[in-house]
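Structure, as structure tokens:
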Amino acid sequence: MGQPPLLTTELGETLLLRRSLGRLLPVAAALLATAASTLPAGAAPPPRADGDRPSAGGLSATIRYTGYGIPHILAKDYASLGFGTGWAQAADQVCVLADGFVTVRGERSRHFGPDGPSDGSMSSARTNLSSDLYFTGVRDARTVERLLDRPAPAGPGREQKELMRGWAAGYNAWLERNRVTDPACAGKAWVRPVTSLDVARRSYALAVLGGEGALVEGITSAAPPAADTSTGGAAAGGAGSGRAPSKGADPDGMAGAVRELFDARNATMGSNAVAFHGSTTAGGRGLLLGNPHYPWHGGRRFWQSHQTIPGELNVQGASLLGTPLVQIGFTEKVAWSHTVATGRSMNLHELALDPADPTAYLVDGRSERMVRRTVTVPVADGEPVTRTQWWTRYGPVTTAFGGTPLPWTRTTAYALHDPNARNLRMADSSLALAKARSVGEMAAGLRRTQGLPWVNTVASDRHGGTLFTQAQVVPRITDELAERCSTPLGRTLYPASGLAVLDGSRADCALGADRDAVEPGIMGPARWPLLRDAAYAGNSNDSAWLANADRPLTGYERVFGDWGTERSLRTRGGIEDVAAMAGRGSLTVADLQEQQFANRVPAADLTADDVVRACPAVLPGDAEACGALARWDRRMDTTSRGALLFDRFWGRLERGTTAAERWKVPFSAADPVRTPRDLDTGTPGFAKALREAVAELRGAGIPLDAPLGEHQYVVRGGERIPVHGGTGTGVWNMTVPVWDAQNGGYTEVRHGTSHVQAVGWDGSRCPVARTLLTYSQSSDPASPHHADQTRLYAREQWVTARFCERDILRDPALRVVQVAR
């Protein structure tokens, strides 16, 4: 039987648990004595440690760690649940968390220098200075404080505030009682206690990632043009005043910038998710497969936990670091995941400037002065930097969209409107999902809270129901409003991309209010794309149109996304797979697991035969290259030979040709899953891509038929761990690796498959769930949980979730930590 498991108190005492779990010693604090009768099914009160009772009103939690370092956090209320969560996240990720808090405080330049690369997980800022200018501006304006003061439902609910308060206290308690050993931040002055306001600021940064956070450079560098000194206008412009007048925005350049910003190939996040109805499953209950594609490094990593307040909350799943509540997960009744949505979580207002003052703009002929924000940032080994930002009734002035200028001229400027700049409700939506008992209640909870900034929701329940909804906070841009109020630039951009540019000089072009919206200026729930109880409901980051190909969604406003347009290869392959699964029926969790790691390559199923037939003419006499492609199993498993060659070829083909050049049969909205198809191998772009891919691998000394895992891998603690999956070829199991030919191929993963969950129910009160956190729980190289699940991922293995008390207590790796303040 081996040694009995250990229980560790916060004081470092070690107590042996009895070998018989039925006679478990009462060895940790009785947090919930008064609520013992409300524990989840099969639960016992948390173990008790004599002499270690929290004082009245104190914060405390019991953290039961099971295999792979997954904490099961048991607490008496939301503040204590946040306390245990903050403690446990700090134990695994203190350096990543501390780095993120430096970002949202606007202190990166002070600690890391102004010119260093910024924390890309919190915004698009390229340098520490531009990041600090933005976040210091948020701090100086007391933006987050004002949101916290708003009453629910427009503002955050009481439970969320308690969770944030507790999280900060738990993080601080861990810092106070433990020595940081991770070399990434050990002994650094920037690792210091946080406040609940810091936690809220981090949530705010996540909320505006698709709006203000995406245009930080344009906001922080905006400055008016030169003005006549007699006007007294721009002469007060601070940094950047005296800029020469420039031409207006270039519609073609802006169209390209919008495509670039929103192109899925450039995204740093994505996802797949599918829910199956009870009519398709073996037990008549729902199934849910969630597969978010998130960064493997930095502050947007997921972290696993199980959170329980007896009688109030019992949820297991994953949270983004620094957030106090499970955001995707499952309970004994429901399961859900999110996918990054196509809704445009921003719009622009074109300002007609006052001829007498380029820092004032006209609305119905009346002049309004811009609000001038002077922001000062301390800088390491240098003088503080002071810049000015300019704000309007719509939002901040921006002079760039991605890498494309939005010139501030003597007549025109552009203001960014981000509806999520008033949204601190994300945790309220997560809590509503976690407390729901059916997909109907989940939909109702999302309608009530309206807090999801840039994601769709896919869900199932134990009754067999399914849900897809784009319950996303987007600006209230109706097609009618866009038609009536778009500027010439907007008339170019809105139909093609969903990004509206409205006439800011007209009050009748304001966004207005939907009666069912929690606040003006955002889309009300009645306008959301929604699909209930379809045989399958899924999404792979295209719009809501084909959540179920047999029940397409149409009629939603363009700002949510398009329909009747070409889908990505991942969407097409995913629909083929899940539709076939639903048609086959009798599905189980095992079928979800098989789908997740099937590693089928839709691009190859469409084209590999054509490529092999054309290969001898393109590469005459090259039997090695053509043979490698012919023998390839058309999968992206670590053992697949020839996969790397096809991957490098396909990437070059997509970058070097248009869809019209690649395919003989063009896209048809009447056949969106099977078109476009039939690769045109006679084009120059095809031959060029194939020749260059072969030359590239040979030049790097990589055999053309080498197993994928030998040249697509990560290194952890000196150990090379092979990684399967792929990127642009349509593979469900998405892996976006870093190419380094001189060091052997794909040598790290930038983002991709992250927290995976396959969930169903078997009639008991315990959900049947398998999970995997591909990059593991901890960023600390010394942690035993730095790469343990990464090794599982390499072997296509899963963790059996322990949800019910009996399963938690039977875990041979059980370790209990009692924490209190």
Side-chain angles (χ1 to χ4, degrees), residues 153 210 270-277 286-292 327-331 333-345 419-420 423 425-426 428-461 463-476 498 514 516-518 522-563 571 574-575 578 759:
S271 305
N272 306 307
V274 62
F276 289 99
H277 192 267
L287 290 172
L288 185 283
L289 175 59
N291 171 218
Q327 291 162 319
I328 58 172
F330 55 91
T331 71
K333 299 182 183 296
V334 299
W336 74 98
S337 193
H338 297 305
T339 61
V340 176
T342 58
R344 299 298 176 238
S345 50
N420 286 296
N423 174 22
R425 303 181 297 271
M426 184 161 53
D428 295 307
S429 290
S430 296
L431 184 60
L433 294 172
K435 295 178 71 173
R437 295 169 294 181
S438 66
V439 293
E441 289 191 5
M442 299 176 93
L446 293 174
R447 287 194 297 270
R448 184 177 68 254
T449 55
Q450 300 178 33
L452 300 179
W454 28 261
V455 292
N456 306 302
T457 301
V458 178
S460 65
D461 65 31
H463 310 294
T466 60
L467 172 70
F468 166 87
T469 182
Q470 191 173 347
Q472 183 190 359
V473 176
V474 296
R476 188 186 172 277
D514 284 342
D516 57 346
V518 297
I522 66 172
M523 287 291 192
R527 300 182 189 270
W528 294 345
L530 182 141
L531 181 67
R532 280 283 304 275
D533 291 334
Y536 70 86
N539 184 261
S540 292
N541 304 131
D542 273 315
S543 71
W545 177 37
L546 298 183
N548 182 293
D550 298 320
R551 292 174 56 183
L553 295 171
T554 58
Y556 44 85
E557 307 290 350
R558 179 66 181 87
V559 71
F560 284 109
D562 56 10
W563 68 82
T571 291
I575 291 172
V578 302
V759 185

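The structure displayed is predicted, hence computed values, not measured ones. The residues of the chain are indexed from 1 along the displayed sequence.
A donor-acceptor pair under 3.5 Å is absent between the side-chain atoms of Arg551 and the main chain of Ala549, judged by distance alone. No donor-acceptor pair closer than 3.5 Å links the side chain of Thr466 to the backbone N or O of Ala537. Put simply, the side chain of Gln327 never gets that close to the backbone of His338: no donor and acceptor are under 3.5 Å apart. At distances below 3.5 Å, at least one donor-acceptor pair connects side-chain atoms of Gln470 with backbone N or O atoms of Phe560. Side-chain atoms of Asn272 never come within 3.5 Å of backbone atoms of Ser540 as a donor-acceptor pair (strictly under, hydrogens ignored).
Taking the six-membered ring where tryptophan is involved, the planes of Phe276 and Tyr536 are tilted, since the angle between them lies from 30° to 60°.
Counting heavy atoms from C-beta on, the side chains of Ile328 and Ser337 come closer than 4.5 Å. At a threshold of 4.5 Å between non-hydrogen side-chain atoms, the residues Leu530 and Leu467 count as touching. Between Met426 and Pro453, the closest side-chain pair of non-hydrogen atoms falls below 4.5 Å. Residues Asn541 and Ser271 form a side-chain contact, since some pair of their non-hydrogen atoms from C-beta on lies under 4.5 Å apart. You'll find the side chain of Leu531 reaches within 4.5 Å of the side chain of Leu553, heavy atoms only.
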Checklist line | Steps toward side-chain contact (heavy atoms from CB on, under 4.5 Å) verdict (Val473, Arg425) | finding: CA-CA 10 Å; Val473 176; Arg425 303 181 297 271; 4.0 Å; yes

Next item on the list: Apply side-chain contact (heavy atoms from CB on, under 4.5 Å) to the pair Asp461 and Leu288, showing each step before the final yes or no.
Entry: CA-CA 8 Å; Asp461 65 31; Leu288 185 283; over 6 Å; no

Next item on the list: Would you check, one step at a time, whether the test salt bridge (charged side-chain N to carboxylate O under 4.0 Å, His left out) holds for Asp514 with Arg476?
Entry: CA-CA 8 Å; Asp514 284 342; Arg476 188 186 172 277; 2.7 Å; yes

Next item on the list: Take Val439 and Trp336, measure what side-chain contact (heavy atoms from CB on, under 4.5 Å) needs, and give me the verdict at the end.
Entry: CA-CA 9 Å; Val439 293; Trp336 74 98; over 6 Å; no

Next item on the list: Please assess Asp562 against Ser543 for the test side-chain contact (heavy atoms from CB on, under 4.5 Å), listing each intermediate value before the final yes or no.
Entry: CA-CA 6 Å; Asp562 56 10; Ser543 71; 3.5 Å; yes

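For Asp542, the side-chain hydrogen bond (donor to acceptor under 3.5 Å, both in side chains) test picks out Ser568, Thr571, with sequence neighbours left out.
In this structure, His277 and Gly465 approach most closely via the heavy-atom pair CD2-CA, 4.2 Å. Minimum interatomic distance between Gln472 and Ala341 (heavy atoms only, all atoms of both residues): OE1-CB, 3.3 Å.
For the 3.5 Å distance criterion, the side chains of Thr339 and Asn456 qualify, holding a donor opposite an acceptor.
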